[in-house]
Amino acid sequence: MKKLNIIIGTLTLTFLTFFYILPAEEIAAKGYGWGYKKSTNHEIPEIGKYKEMLDQYGAYYADDSGEKVIYLTFDNGYEQGYTPKVLDALKNENVPATFFVTGHYVESKPELIKRMVKEGHIIGNHSYHHPDFSIVSKATMKKELETLEDAVAEITDQDQMKYLRPPRGIFSEKTLDWAHELGYIHIFWSVAFSDWNTDKQKGESFAYDQVMKQVHPGAIILLHTVSSDNAEALPRIIKDLKKQGYSFKSLDDLLLKDMLPEFVY
């Protein structure tokens, strides 16, 4: 039965990702796929023309303060059975995280959503149906975000969302603008690797090495909880980064750091 549920969840997410049908009048603008040259010298990756757009609309991909801090984020579209182990590692090490979830995840795993909030983590908005925001109208984007926010509020004490990770990392200047108008903050990432393919897991050491060789002060790390490699490697990653002098903070800390004068923060 568990295997059947996993298969159904995977097929559902695939359907929502690739066959989300939109009226012709909802075409908005050509989107960009988030990307950068991976850091190999423990410095923040350069993102070229994207930087000006992110700054203009209050979006983030890293903390450029130079502080040795890490922000852990996870994308949750469906469940493979590894999220409880991820949550256990975070709890044991007293590390906060943000979980960007879809409507399918909220519907299928409400008990895990509840646990995330109960243990002090932030639920981020990854949209309800996982569409490409660059080809939908503002009204459709707004509905996607608000429907997901309402679904989370129905089962937890988190009644608002302010952090948004666009489905598939696709964005445009228009979607950045719309999100800003709607009160959302885009959160991209500066450390990631191909961890989402459940058929191509390469072992705990691979996940560990990928994170450790890219990490830098102020990193926003993107991991997928469907990865068995990540679940196994996470405790070691956290412990070794702490040994290197890194601390782990939530996205709320990043926002406060930018909003408040340094002496107050």
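Predicted model only: the values in this text are computed from it and were never measured. For this chain, numbers begin at 1 and follow the sequence in order.
- Screening Thr73, Asn76, Val117, Asp75 for a side chain to side chain contact (heavy atoms under 4.5 Å, CB included) with Phe99, the sole residue that qualifies is Asn76.
- Nearest heavy atom pair, residue Ile44 against residue Pro217, reads CG1-O, 4.0 Å.
- Using modelled atom types and a 3.5 Å distance limit, the side chains of Tyr36 and Glu46 yield no donor-acceptor pair.
- Scanning all heavy atoms of the two residues, the minimum distance from Leu241 to Ile70 falls at CD1-CG1, 4.4 Å.
- Formation of a donor-acceptor pair under 3.5 Å by the Glu93 side chain with backbone atoms of Val95 is not found in this model.
- Between Phe100 atom CZ and Ile122 atom CD1 the span is 8.5 Å, to the nearest 0.5 Å.
- Rounding to the nearest 0.5 Å places OG of Ser247 at 5.5 Å from CD of Glu67.
- Taking 4.5 Å as the limit, every side-chain heavy atom of Phe133 sits out of range of all side-chain heavy atoms of Lys174.
- Side-chain contact check for Tyr60 versus Leu255: some heavy-atom pair is nearer than 4.5 Å.
- Side-chain atoms of Asn125 do not come within 3.5 Å of backbone N or O of Tyr163 as any donor-acceptor pair.
- Contact detail for Met53 and Glu173: the closest heavy-atom pair is SD-CB, 3.8 Å.
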- Task: Could you check Leu72 against Leu234 for side chain to side chain contact (heavy atoms under 4.5 Å, CB included), going step by step and ending with a plain yes or no?
- Result: CA-CA 10 Å; Leu72 275 181; Leu234 188 59; 4.3 Å; yes
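- Formation of a donor-acceptor pair under 3.5 Å by the Asn92 side chain with backbone atoms of Asp88 is found in this model.
- Rounding to the nearest 0.5 Å gives a distance of 12.5 Å between CD1 of Ile221 and OG1 of Thr98.
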- Task: Start with the C-alpha gap between Tyr105 and Thr83, add the side-chain angles, then the distance that decides, and say whether side chain to side chain contact (heavy atoms under 4.5 Å, CB included) holds.
- Result: CA-CA 12 Å; Tyr105 197 90; Thr83 303; 3.4 Å; yes
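- A distance-only check finds no donor-acceptor pair linking the side chain of His216 to the backbone of Asn41 [under 3.5 Å].
- Judged purely by distance below 3.5 Å, without hydrogens or angles, the side chains of Asp63 and Ser65 pair a donor atom with an acceptor atom.
- Defined by atom type and a distance below 3.5 Å, a donor-acceptor pair is missing between the side-chain atoms of Tyr208 and Asp229.
- Contact of the Leu164 side chain with the Met141 side chain is registered, since non-hydrogen atoms from C-beta on lie closer than 4.5 Å.
- Outside the 6.0 Å centre-distance limit, the rings of Phe171 and His186 are not counted as a close aromatic pair.
- The local environment of NZ in Lys242 is crowded, with over 12 non-hydrogen atoms from other residues, nucleotides or ligands closer than 6.0 Å.
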- Item | Chi angles and distances behind the side chain to side chain contact (heavy atoms under 4.5 Å, CB included) call for Tyr78, Thr102 | CA-CA 8 Å; Tyr78 64 99; Thr102 63; over 6 Å; no
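- With rounding to the nearest 0.5 Å, the separation of OG1 in Thr175 from CD1 in Ile135 is 11.5 Å.
- Without hydrogens or angle criteria, Thr156 side chain to Ala153 main chain gives no donor-acceptor distance under 3.5 Å.
- A chain of hydrophobic side-chain contacts below 4.5 Å, direct or via other Ile, Leu, Val, Met, Phe, Trp or Tyr residues, connects Ile185 to Leu54.
- No side-chain heavy atom of Lys213 sits less than 4.5 Å from a side-chain heavy atom of Thr40.
- Taking a 6.0 Å sphere around NZ of Lys138, one finds it holds more than 12 heavy atoms contributed by other residues, nucleotides or ligands.
- Gln214 contributes a side-chain N or O that, together with a main-chain N or O of Ala192, makes up a donor-acceptor pair within less than 3.5 Å.
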- Run the numbers on His129 and Leu148 for side chain to side chain contact (heavy atoms under 4.5 Å, CB included), then give the verdict. CA-CA 9 Å; His129 295 104; Leu148 192 283; over 6 Å; no
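- Trp189 and Ile170 are assigned to two separate hydrophobic clusters, defined by single-linkage of ILVMFWY side chains at heavy-atom distances under 4.5 Å.
- The backbone N or O of Ile220 lies less than 3.5 Å from a partner atom in the side chain of Ser190, making a donor-acceptor pair.
- A 4.5 Å side-chain heavy-atom check between Val152 and Met161 finds at least one atom pair inside the cut-off.
- Glu52 CD: 12 or fewer foreign heavy atoms inside a 6.0 Å radius.
- Residue Lys202 qualifies as open at atom NZ: its count of foreign heavy atoms under 6.0 Å is 12 or below.
- Between the side chain of His121 and the main chain of Pro96, no donor-acceptor pair closer than 3.5 Å is present.
- Checked by atom type, the side-chain pair Tyr82/Asn230 shows no donor-acceptor distance below 3.5 Å.
- Looking at Glu79, its side chain does come within 3.5 Å of a backbone N or O of Gly81 through a donor-acceptor pair.
- Ser250 and Asp252 form no side-chain donor-acceptor contact under 3.5 Å, judged by distance and modelled atom types alone.
- Phe188 pairs with exactly one of Tyr50, Tyr61, Trp34 by the ring pair (Phe, Tyr, Trp, His ring centres under 6.0 Å) rule, that one being Trp34.
- Ion pairing of Glu111 with Arg115 is absent here, as no side-chain N (NZ or NE/NH1/NH2) approaches a carboxylate O to less than 4.0 Å.
- At a cut-off of 3.5 Å, with distance as the only test, no side-chain donor of Asp253 or Tyr71 sits close to an acceptor on the other residue.
- Across all their heavy atoms, Val101 and Ile123 have their closest contact at CG2-CG2, 3.6 Å.
- If you take OG on Ser127 and CZ on Arg168, they are separated by 8.5 Å, rounding to the nearest 0.5 Å.
- Under a 3.5 Å cut-off, the side chain of Thr140 and the backbone N or O of Val136 do not form any donor-acceptor pair.
- For the side chain to side chain contact (heavy atoms under 4.5 Å, CB included) with Val211, the lone residue among Ile238, Asp240, Ile237 that qualifies is Ile237.
- When only modelled atom types and interatomic distance are considered, Gln201 and Ser227 share a side-chain donor-acceptor pair under 3.5 Å.
- Counting all heavy atoms, side chain and backbone alike, Glu144 lies closest to Tyr128 at OE1-N, 2.9 Å.
- Counting heavy atoms from C-beta outward, Gln210 and Val191 have side chains that stay 4.5 Å or more apart.
- Side chains of Glu149 and Tyr184: a donor on one and an acceptor on the other come within 3.5 Å.
- Here the side chains of Leu87 and Leu112 are in contact, with some heavy-atom distance below 4.5 Å.
- No more than 12 heavy atoms of other residues, nucleotides or ligands lie within 6.0 Å of NZ in Lys91, so this atom counts as exposed by the packing criterion.
- Atoms NZ and CD, from Lys114 and Glu119 in turn, are 14.0 Å apart once rounded to the nearest 0.5 Å.
- Nearest approach of Thr198 to Val226, heavy atoms of both residues: CG2-O, 3.7 Å.
- At most 12 heavy atoms of other shown residues, nucleotides or ligands fall within 6.0 angstrom of atom CG in Asn94.
- Contact of the Gln80 side chain with the Thr225 side chain is not registered, since no non-hydrogen atoms from C-beta on lie closer than 4.5 Å.
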